[in-house]
Amino acid sequence: MADIQFTEEHEQLRAVVRKFLEDRSPEAAVRAQMVSERGYDPEVWKQLAQELGLVGLAIPEQYGGAGYGFVELAVALEEMGRALLCAPFFSSALLATHAILLGGDDAAREELLPAIAAGESLAAVALFEPGGDWDLDSIALEARSSDGGSRLSGRKTYVIDGHGADVLLVAARTESGLGLLRVAGDAPGLKSEPLPTLDLTRKLALLEFEDTPAVPLGDAGDATPLLRRVLDLAAAGLAAEQAGGAQRCLEMASEYAKERVQFGRPIGSFQAIKHRCADMLMQVEAAKSAAYSAAFSAASGEDDLRATAAMAQAYASDAYFRAAADCIQIHGGVGFTWEHPAHLYFKRAKSSALLFGDAAYHRDRLATELGL
Amino acid sequence: MADIQFTEEHEQLRAVVRKFLEDRSPEAAVRAQMVSERGYDPEVWKQLAQELGLVGLAIPEQYGGAGYGFVELAVALEEMGRALLCAPFFSSALLATHAILLGGDDAAREELLPAIAAGESLAAVALFEPGGDWDLDSIALEARSSDGGSRLSGRKTYVIDGHGADVLLVAARTESGLGLLRVAGDAPGLKSEPLPTLDLTRKLALLEFEDTPAVPLGDAGDATPLLRRVLDLAAAGLAAEQAGGAQRCLEMASEYAKERVQFGRPIGSFQAIKHRCADMLMQVEAAKSAAYSAAFSAASGEDDLRATAAMAQAYASDAYFRAAADCIQIHGGVGFTWEHPAHLYFKRAKSSALLFGDAAYHRDRLATELGL
Amino acid sequence: MTSIGETELRERTRALLEQVHPDDPDVDCAAFRGAQFDHGLAWVHFPEGLGGLDLTRKAQVFVDDELRQHCKTVYNDLSVNAIGIGMGAPTVLAYGSEEMKRRYLRPIFTGEEIWCQLFSEPGAGSDVAGLSSRAVRDGDDWIVNGQKVWTSLAHYSAYGMLVTRTDPEAAKHDGLSYFVLDMKLPGVEVKPLHQITGEAEFNEVFLNDVRIPNSMMLGKEGQGWKVSITTLMNERVALGGGTESRRGAGPIQLLVDLWQERGGSDGSAADAVMRDRIAGLWIEYELLRLTNQRARSSMRSGVPGPEGSVGKLMSAELNKKLYEACLDVLEGEGLTYEPGFDLRRPSGKRLDRLSLIKHGFLRSRANSIEGGTSEIMRNILGERVLGLPQDVRVDKDRPWSEVPRNG
Amino acid sequence: MTSIGETELRERTRALLEQVHPDDPDVDCAAFRGAQFDHGLAWVHFPEGLGGLDLTRKAQVFVDDELRQHCKTVYNDLSVNAIGIGMGAPTVLAYGSEEMKRRYLRPIFTGEEIWCQLFSEPGAGSDVAGLSSRAVRDGDDWIVNGQKVWTSLAHYSAYGMLVTRTDPEAAKHDGLSYFVLDMKLPGVEVKPLHQITGEAEFNEVFLNDVRIPNSMMLGKEGQGWKVSITTLMNERVALGGGTESRRGAGPIQLLVDLWQERGGSDGSAADAVMRDRIAGLWIEYELLRLTNQRARSSMRSGVPGPEGSVGKLMSAELNKKLYEACLDVLEGEGLTYEPGFDLRRPSGKRLDRLSLIKHGFLRSRANSIEGGTSEIMRNILGERVLGLPQDVRVDKDRPWSEVPRNG
């Protein structure tokens, strides 16, 4: 059981990332990117990767990364969630990076990771299928062996940043069990379609494979433990984003409560508003504890990540949603307008809660871990 | 689906019962009876039965009752719940009366009901068993046939007013399925032991039968539908009590909030208190709607009672508990003292919520009724 | 109160239908409802000659029931002229001159003149009485300047119910007056206000030197707040929701149908938890319906009281929870938003159920804000129903001009 | 700050144990803890000579760890002198004269002199500063009259921390002074106050012409409120709960064990719902633990700040929910109450687990009242952590004697 123990270095990293995002991902930039076709600003992405080294944060130095661990990644994700950064960070720097790091062989790591770290290659992980659920058991796509490689035919959905990715890592049933296969973004028979998302700040795609060539990633063998681990890391990383977003909602709400005057006094002087903010604070602090707990267990490599990641998703999903909803409520009418950023957080909050399974799903997983 | 439609007569009944209980069951009387061995005041019981005719309210005139229906009974129960009346009313006038009315033959009705209506005979219904749950399926006590009658050996628990009852109606497995049998309060081999209750205002007993003679009530035959109906009526009646108790908690809390001064102003002027009272009001009104809905469907004889009774128990249990808990909280320290009546309601609320199954149990039943 | 009973009322309704029938292709809404008004069957509790027959409010159900029984085309007040009928008409009836009543009530009922409500301002939301738009007397007219927000239907409206400040030196509730505003007057500018769905269901209304005749005032000068209360209380009844007469109908049905369509519970632990949640919501929705029904049947006078706030509060909070549950039932499908976020006017076209749910999820967030926030509702319940003391007021008993407000 | 590191601190602790060992049957609590105090190992962040070594608060863990490792008998501050150690000592340290520090700190630590807290009054609960007990100066003494409530341990105490009004004409926070009250003085009367469990864990303390020397004042005359804040902040840290170092320990364990003992989930819908609820509570409890841990490690100065209120609020609300769930797991068994409701002092005997749970269910209702209600905690979080503006105050800036209060 890893303790939560941030260092000075972590705080510096947080400060750097926050400063960068305040400059390069202010609300206006978020709004511009969320309706753009690409969905992110290539210039900002390049800086993020190359100047700040954030995309390769968790990639070992030998593969061109910064060689840090999951805690640092979580710090960056928390700040990105706070700023609603539109960028393929979660997909490339978390999902794909860890799938390759943990599942690939050395050759694959050497081939793929340096370009990912440099921000030059975007990689996405395709797990879920239309009509399926968030359990790996529901993966049905089959990989047929064919001369020297494999072929995929079927569909994957809710693929984060799947449209426009250079490399896709696709989970499919192989002869040796569940496998993870590489597909080039421009492979024949691959069609990707952006989905109309509730949360415009995170792009999702529907992928169609029609006899598309694919190459197993790493040694053939059952990829179930690998993918479970990747999903746990995803849950931990998502919780960090959620904690950051929730914190921002709390700040927006309490700042507005200080300024907005009704009945001759700032609305934050009314207990209805003040106590709601206090409850938000309590929940946001708890959500941070949840996210940090998962991040530190991810970094420590201890096997309690399954429990802490489930706890983090279960709690942070609800806490972020409540914070975003309360943020709208405290703003009153203006919080319901398109012009105010509150709805961007609200939509992100609900989407994040649904992505990889909702709070009840994660409580169920945790209960199983705890033997309840 | 029966509409909720109270008449002038109902309001008059309510006023009469309230006035009577204010006189004869004030807090001091409740406190005296709740620690007395008998658990109720025989003088008050006699008045209740004979002067007000409440005990036989739902008993047809031909059996010495007032010939009213379940709505009138529910009005009386709501007022009794409000006043925390200590008396064997729920057991005799609701449970036993309906078991006999619906399950007995004419001879049994004629023999038993007049004395019950007159308050001269106390009858209790024994269903549940140690280690069992609130489902009829868990009834295991067996009735052995013996020369002309039956014999019981085993235990029943949580028998409301079971200690000191003149007649016990005991559910047991017979050759023809689940049966309901009469046992005299002084039958050989019957021992009753008062249980130490959380709620001192309602007496519960553990009964032990050792080769105790018993007589089937009414025609032999499967008593399951009868007992289900009795349990639904119990749920509806209990909800009425709960609504009355919750209403009283709301009144105590809001009265205190008007009087108690802190920080130079009545605490009810603070939104924390005011809004809590408003939420209580909303929940109490909804609890009344729930209880009334069940009472009117019970009276109409429509078969939606299973759904409305489950709804009423599920909602009123939670609403009463929350109201009683909020009542303590709003009173602050004084609400936590033995001298203040808040705890009497709190304990009644939790006990009522557990009696016949908790809110989740009743939501489960409702979900089944609704086909969810 | 006249002595027309149920039987006669039903007869009169059938008599109306013999003269003019809504299913007749030559009879449009205005024609049919005009005749209904003239027969006193529009609002039977209104006076004779003004759409009514001086009966109780409840007696209207017999008319409505006959219409439903005998007509395929049944006009719904909410579609015809929601604000005009729900709030404008009762306010005009209560405070308008005889002339105004004769002029405005009929076209409100027929929908020929749509009405909107010009109360909220950017700086005055929950604190409507703190509004700062100004009307300055100029001869027989008033010159009005200011901005209103959250005005639904403004872009279709012939008239607006305008509350504005006529005396900044009076205490805030005493310096307001209430006007019927002709929306076509010069200086009235309506701009769409886009909400979190992208649509502009509401408007901002800018008032630049708008000249309103004094004769358009409802109530007396300085009585604007009192008149507004009539409007607002009627709004809360309208927003109380759960008015379905049938158990299980309304938004809860969306949730239950969605759940059942997706196979209901498969016996898994996760499904059991969701089933419990849906059962709990079903109960709350049914109790909202029953509580509203009880409130209506105990509402003896025609004027809605603070009890309506129970329904408004329950409904607003419950509606949000219902749609949240819908999205959770959708699981992954909740990640997409098929209606799209184009910045436009509501299309008015019927959405498929999935889109209806997703749109409803976003739209429901306003339920606890519009027509009085849930916080304001709790104040009303606490103070006006339970009799709890008011909060400390720093904005009373001094001139409005001296009360702190938004910059 | 001296430069004693972990290694030396551990060595000093072992050296102490070589001199005097708590497992030695001849060494009682007072003897051992007296020696611990004299070695500066009582509170290492206290000054040298006053039980400490001028180290950081955190360094205490090394001492405690050594004691746990090498002793079977480990004294717990909460059992030895909960209020004296948790609140009395820091207050004496912050505001007492040198003489008082030398006189009181050691016997507080050893438990030879139990302390209690005399703040709340019947008319002054959340509004402690509104208290109306009075001290009137008489030569070198003060004559005190009034009533205190909710005084735990008063019947065992040698001293009480008394806040009382010394100037009714000052504004309410300015007219208070803080005394160390010798509980054996004439006029101090302690009566048991029975709570909803029937037990009298607390007392009422009546003060009738109690004569206290001026030298027993902590802080200056009129500074009583400021001194009280130190006491209260330490109280909230103490009540924060969830201080278990081990995941899953504490009250949540009662619930989980109860659930598992009763067979856990049998796969039924009802059990699935309860299992989900328990998992949710487990999460909340774990997050309380972690949040408290984070708060402690970010607490750099020795003085607890308003952050402690997060833990207090979470803990109070969560504890009630945990016990509610326990009763629901018990089902019918929750109907009985084995500990009984005799009106008596807490027996102190160890309850069996079922009784512990049932007693805890009732006792937990006070968690959100004692040591600052949850409403007060939310005010503190809103105002002092988030910087939200204060509520309108009608009790400031005028003499206390003119502020409305309970009759």
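Note on naming: letters A, B, ... go to the chains in the order of the sequence lines (proteins, then strands), and numbering restarts at 1 for each one.
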> What are the two closest non-hydrogen atoms of C:Ala272 and D:Ala272, and how far apart are they?
Replying inline: CB-CB, 3.5 Å
>> Using heavy-atom distances under 4.5 Å, tell me whether C:Val273 contacts chain D through its side chain, its backbone, both, or neither.
In response: both
>> Tell me whether D:Lys396 at atom NZ has more than 12 heavy atoms from other residues, nucleotides or ligands lying less than 6.0 Å away.
In response: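 Result for NZ/D:Lys396: enclosed.
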>> Check this for me: C:Asp266, atom CG, are more than 12 non-hydrogen atoms of other residues, nucleotides or ligands nearer than 6.0 Å?
In response: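 For C:Asp266, atom CG is crowded (more than 12 foreign heavy atoms under 6.0 Å).
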>> If the contact rule is any heavy atom under 4.5 Å from chain C, which residues of residues 322-337 of chain D qualify, in numerical order?
In response: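 So no residue qualifies.
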